[in-house]
Amino acid sequence: MATENLTLGKALTMGLRKAMEDDPKVLIMGEDVGKLGGVFRITDGLQKDFGEERVIDTPLAESGIVGTAIGLAIRGYRPVCEIQFDGFVYPAYDQIVAQVAKMHYRSQGKVRLPIVIRIPYGGGIGAVEHHSESPEPYFIHTAGLKVVTCASPLDAYWMTQQAIASDDPIIFLEPKRRYWEKGDVDTSAPASSAYPLHASRVARPGTDATLVAYGPMVKVALDAATAAEEDGRDLEVIDLRTLSPLDLTPVYESVRRTGRCVVVHEAPQTLGTGAEIASRVTEECFYSLESPVLRVTGFDIPYPAARVEEEYLPDLDRVLDAVDRSFGW
Amino acid sequence: MATENLTLGKALTMGLRKAMEDDPKVLIMGEDVGKLGGVFRITDGLQKDFGEERVIDTPLAESGIVGTAIGLAIRGYRPVCEIQFDGFVYPAYDQIVAQVAKMHYRSQGKVRLPIVIRIPYGGGIGAVEHHSESPEPYFIHTAGLKVVTCASPLDAYWMTQQAIASDDPIIFLEPKRRYWEKGDVDTSAPASSAYPLHASRVARPGTDATLVAYGPMVKVALDAATAAEEDGRDLEVIDLRTLSPLDLTPVYESVRRTGRCVVVHEAPQTLGTGAEIASRVTEECFYSLESPVLRVTGFDIPYPAARVEEEYLPDLDRVLDAVDRSFGW
Amino acid sequence: MAKGATASRTRSTRSRAAASSEPEMVQLLTPDGKRIDSARDSYGTEYTVDFTDDEYRGLYRDMVVVRRLDAEAEALQRQGELGIWASLKGQEAAQVGSGRALRPQDMAFPTYREHGVLYCRGIDPIMPLGLFRGVDQGGWDPNEFKFQMYTIVIGAQTLHATGYAMGINKDGKVGGDDGEAVIAYFGDGATSQGDVNESFVWSSVYNAPIVFFCQNNQYAISEPIERQTRVPLYQRANGFGFRGIRVDGNDVLASYAVTRAALDQARSGEGPTLIEAYTYRMGAHTTSDDPTRYRLANELEEWQAKDPITRLGTYLREQKLVDEDFFTTVDEEAKAAAQHLRERVLTLPDPDPVSMFDHVYPHGSPEVDAQREKFTAYAASFEGSAH
Amino acid sequence: MAKGATASRTRSTRSRAAASSEPEMVQLLTPDGKRIDSARDSYGTEYTVDFTDDEYRGLYRDMVVVRRLDAEAEALQRQGELGIWASLKGQEAAQVGSGRALRPQDMAFPTYREHGVLYCRGIDPIMPLGLFRGVDQGGWDPNEFKFQMYTIVIGAQTLHATGYAMGINKDGKVGGDDGEAVIAYFGDGATSQGDVNESFVWSSVYNAPIVFFCQNNQYAISEPIERQTRVPLYQRANGFGFRGIRVDGNDVLASYAVTRAALDQARSGEGPTLIEAYTYRMGAHTTSDDPTRYRLANELEEWQAKDPITRLGTYLREQKLVDEDFFTTVDEEAKAAAQHLRERVLTLPDPDPVSMFDHVYPHGSPEVDAQREKFTAYAASFEGSAH
Ligand SMILES: Cc1ncc(C[n+]2csc(CCOP(=O)(O)OP(=O)(O)O)c2C)c(N)n1
Ligand SMILES: Cc1ncc(C[n+]2csc(CCOP(=O)(O)OP(=O)(O)O)c2C)c(N)n1
Ligand SMILES: [Mg+2]
Ligand SMILES: [Mg+2]
């Protein structure tokens, strides 16, 4: 038994470390991942312990990071690429959506690219432009990529290892505003005890309405559910965890019981993740819905200046407002 | 009166030509747009008539095309960039979503980028990989870009000119499989007679169900509506034309009458355009819907080999099947 | 053909060519079939080849077969059997020369035009036709044949090649004759892409065992080389910290010698080289292209005088390495290969539509499975009907 | 300061520096404050400056003020008034030298660190603080001041600069002293980005009137220059077909002279130049950074001996261009400017939240309007409540 109270960031570090210990083919590559340990220190200490050959400070170019990771994967390595911030993934876009996503398909299964692309994402940290974005819809829409995100230190620890062990190319989204939040992790538990990578989870059972969230918004949804108790409403919260493929079975099951559904995410609303969830939930639960699936999301504007981001980001009040609207429909 | 029967491709050419005549600041730039007139000959003859300073064969790099267009726009030009095929827009992704889309916002309106990015898109032409994609969801999700597509020679002619005259940055999607289809265009009509750029249009009125389509799928939807007549079903077809902003008012109005809605597009289903439409229509027309909004789309797979693309692409049968399912719900 | 070429490095007395003057080009066989004993690049490396008669004949045979197969594919496209075809005509020497210079352990990353290199790697020439016919994206096993998939997105493969070469370093597989090396193919147009330049940065910084083989065929579709650069392309390498060499890409001997030397330098830990193979695309960009719109017939004529096959034929003839029968035999061999290709293309089966749902992910996906199932049921609903 | 520098081109007898040896660097003022009359680059261009006493004093004043404002911004960040700050400390000479070399009609495209250039362009130094405080993305009018917005996405602005320069050509605004030119700023790390290399391709091919001003401050956050290149950065330019020059970036005179000459060549139609200003980031990458994790204190000490301000101060003193009062006055001026900055930062108003819906599109959007309206109604529902 080695249960530790870890920050989400630290849990990621320990997950990466474990993956590197388990498989000598695992590489870490990106900008400043070496001595500095990454700007968020997620790779802290790894270069010291695993050497420069396995923890690689790369030249400053994201297409190069992902493109060379492809070659390393063809050579038999398992590269874990760090993109320094969400807003800097776009120079690598072609390599991600036209190369990584398609290689297995194009080669009829002959070429596997077990690449993990880690992206700290989302807002709420008072940063300058390009440092607070939620690019997940771009990747969820892209066939051939899998996309996951963690909301707790426990998931951070295990999902990192599972993603690296998977042969699928995976976009691993890290909720950067939660890096410093703590939770218990039993690092001595066997891998088999971990919750599956591509499965969503009921984070809080409830009966009156279903809140669907992921990554940084799980905490907001849970807080909203707690606050809603005061109004006598018992909200179920589902943490999606896997965004591609989506695992909506627990959502359908929930909405069939509650008849109401609110999806929460930071990405802009139009063709944000909520659009897909609303569409599928409506199709699957048509006769159970008492009101349309509502979305509480970022607005359809570029991410605004930090001093107004609190108004841009979904918060407890906006979630409760949507719940109210759902009940008042 | 100068009504001509033009192919959609020719109508685009004439629209571009007119825009260049009207405003000496309009530039055409891209790969092979000069002597060759583009691989689809859409810029045919323009370099000959307007010179190499206004019709610019660029080096082979999409980020460079869009990035330098930004600088030219800052300098007061109105660049029209051609991306040779849908699948080659991704190297320009950062310049499009992080630069073009945000400059006006970031500068609080001080910098305008009247750039049009033309992209021949979609499948059905028997091409090799990367030549048949439908990347519009990536751009629709991106705040700060506008996105339009034409389905007829008439729209091709006018929308080109309107997009170039607009100060908004616009992704202009050209349904390449329709380049050779003909329609009447009155090129002597005044610009004021043209239908507005950012408005959808009822392409065929009907009473029993609403089909929503755009670009290459409008014809499929119209054919399906014709075929449905045999089954005694009167389908309304709406040609969206503008994908960002979406103009769904006619769709809401229609669905409130018909109670049924089917959205058709080539892009993969998950977070394809249909997801947003379904979500909004459900929210706006909740009590009018007899069945959930159904989506007939590309599958969640990379675009397949040409010899099976007919099975991948939505066709008349798949649309009618969805209409049947809508009625049988 | 392992011992075919030798390259020795001695400081040249000639100084480095100035950027403005016409650059030197390594050549071992002139357009009129005269052998040049040896040639130096601007770094002073001396190149020569020391082929057996059989090896000379082999190179000739390769080029003739490759050109004939290419012509057959083009004809098949004209007859509607392929959707499109990208001809290598004119680039046989660059491709066979570099392709034969690869050692078995070396890995190649091609564009969509490297049919000659593919042939040298021992891959059945039917393979790329699947891509151009539209039945698959190329059917060979990239790792078995050490020849990766064709890449259509310009330049993308150069980064893959670089990463692979970094992996060779990590595996400690540089040094000595059994060291491994990588060759990345791309065109003149590709040199403008960010990815290609990033691959130069990476390769240099990590001293990767890689040869960048740029076939400058003078055009990127309709755009002449002046739209991509105002100095010779091989000079690009110096600014990134590695060697750049221009070779006569229509000279199979020089293409072989320079590539072999560069690969051997790479495998022994001396880092990357950029080779600019100066050649000409004799045909259209692809069968969809119409070069009469952008180039004059006399340009083609000029280059026909530098034809890579003719010049080696002249040499073989003048050196009496062959008799006239040889040419007849080779032509017949090539014709037979083409005929064989044609027959098999016609019988290439269309894929089963439901197979389009396969291989999206190594571990599969319930979403794709659900769509496959729905599709199968939907397709079945038509069975027996007129559809 | 228009007549400040002269550059004359004469073929140098010195041959071009070999890639391996330590490259030459244009210098006009040594670290210990000695004037060098003139210096040549490897192309034989000779640089000197011919400043009036006032101009020398002006450059000193600029650097001191710029450093003091920078320190104030850093202090404001430590006190929570800014979210983050990217200090220019150590790069004052490169920025003031190049910034003062711009003619009024020239256009600059900065990164996020060009506070010194911004100052030279006459923009109120409060302006960039809006970005770092999080109230806007920089408030100046990029076209009015001929200084574009800060660009955080590494390298992206180099393509914008190139396009703008192409526009100058199109407008016929090259040739003569009233010709226009562009300067694009970027760091050593940025040279690895595809975009920067594409901007080199474009600028060369279109002979754009542009100067690429790369401040090689030895680091990209924690990564030393060896992670980006194994040869001196200025050499990158040659392979793209234009001049590359290394200048002592801690020497304000040389930075001025080389930039002025390159801009004038650009404006007269001689195309692009890459200037590598060899300098040092004396502080952290930003206030979020901790350089003790990746570099040793003695490196900083070494560079402190080359401080750009000290060396000009020594020169002024030794040449008796100033008395001791001058230094006191300048320090006081700087302090006052800093104090003024501080006062105004504290009163920078937070933006009205509803303004976040403004300026998404020049022509607006009904979707954004609808969201603005809903937001306003929603916000109003809290008014008067505890929220
Ligand atoms: C990123 C990208 N942009 C555009 C294209 C379209 N395209 C295909 S081949 C080609 C020209 C390539 O020229 P070059 O690199 O010289 O190779 P070549 O075809 O001459 O062998 C272009 C523009 C593409 N395939 N990929
Ligand atoms: C495309 C992109 N990737 C990563 C970053 C994060 N980042 C900000 S500054 C920086 C280092 C830049 O180094 P350099 O170009 O040398 O400029 P300097 O900061 O030293 O002035 C990095 C990696 C970014 N801003 N943009
Ligand atoms: Mg070419
Ligand atoms: Mg730097």
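As the structure is a computational prediction, the values presented were derived from the model and not from experiment. Residue numbers begin at 1 in each chain, while the letters A, B, ... track the order of the sequences.
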Region of [X] that comes under 4.5 Å of a non-hydrogen atom in chain B:
X	value
A:Y105	side chain
A:Y303	backbone
A:P304	both
A:E290	backbone

For chain B, find which of [options] contributes the most heavy-atom pairs closer than 4.5 angstrom.
options	result
A:G144, A:A278, A:P268	A:P268
A:A275, A:G274, A:P135, A:A101	A:A275
A:E62, A:E283, A:K102	A:E283
A:R280, A:E284, A:Q95	A:R280
A:S63, A:S279, A:A305	A:S279

For chain A, find which of [options] contributes the most heavy-atom pairs closer than 4.5 angstrom.
options	result
B:G87, B:A267, B:P137	B:P137
B:Y287, B:Y138, B:F88	B:Y138
B:A98, B:A92, B:S291	B:S291
B:V293, B:V89, B:T273	B:T273

- CZ-NE2 distance between A:R106 and B:H130, expressed to the nearest 0.5 angstrom: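 Going from the CZ atom of A:R106 to the NE2 atom of B:H130 covers 5.0 Å.
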
- Tell me, for B:L289 versus chain A, whether the close heavy atoms (under 4.5 Å) come from the side chain, the backbone, both or neither.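 For B:L289, the contact with chain A is made by backbone and side chain together.
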
- Nearest non-hydrogen partners of A:A143 and B:P302, listed with the distance: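 That closest heavy-atom pairing would be CB-N, 3.8 Å.
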
- A:H141 to B:G272 - nearest heavy-atom pair and separation: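 What the structure gives for the nearest pair is ND1-N, 3.7 Å.
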
- Describe, in one word, how the ring planes of A:W329 and B:F286 are oriented to each other, choosing from parallel (under 30°), tilted (30 to 60°) and perpendicular (over 60°).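 Perpendicular, since the angle between the ring planes exceeds 60°.
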
- Item | Any residue of residues 244-259 of chain A which, by heavy atoms, sits under 4.5 Å from chain B |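 Within residues 244-259 of chain A, near chain B: nothing under 4.5 Å.
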
- Item | Short side-chain to backbone donor-acceptor contact, B:E276 and A:L271, under 3.5 Å |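 A pair under 3.5 Å: yes.
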
- Query: Is there a side-chain contact between A:Y90 and B:I96, using heavy atoms and a 4.5 Å cut-off?
  - Reply: no

- A:V97 side chain near B:Y93 side chain, heavy-atom distance below 4.5 Å: no

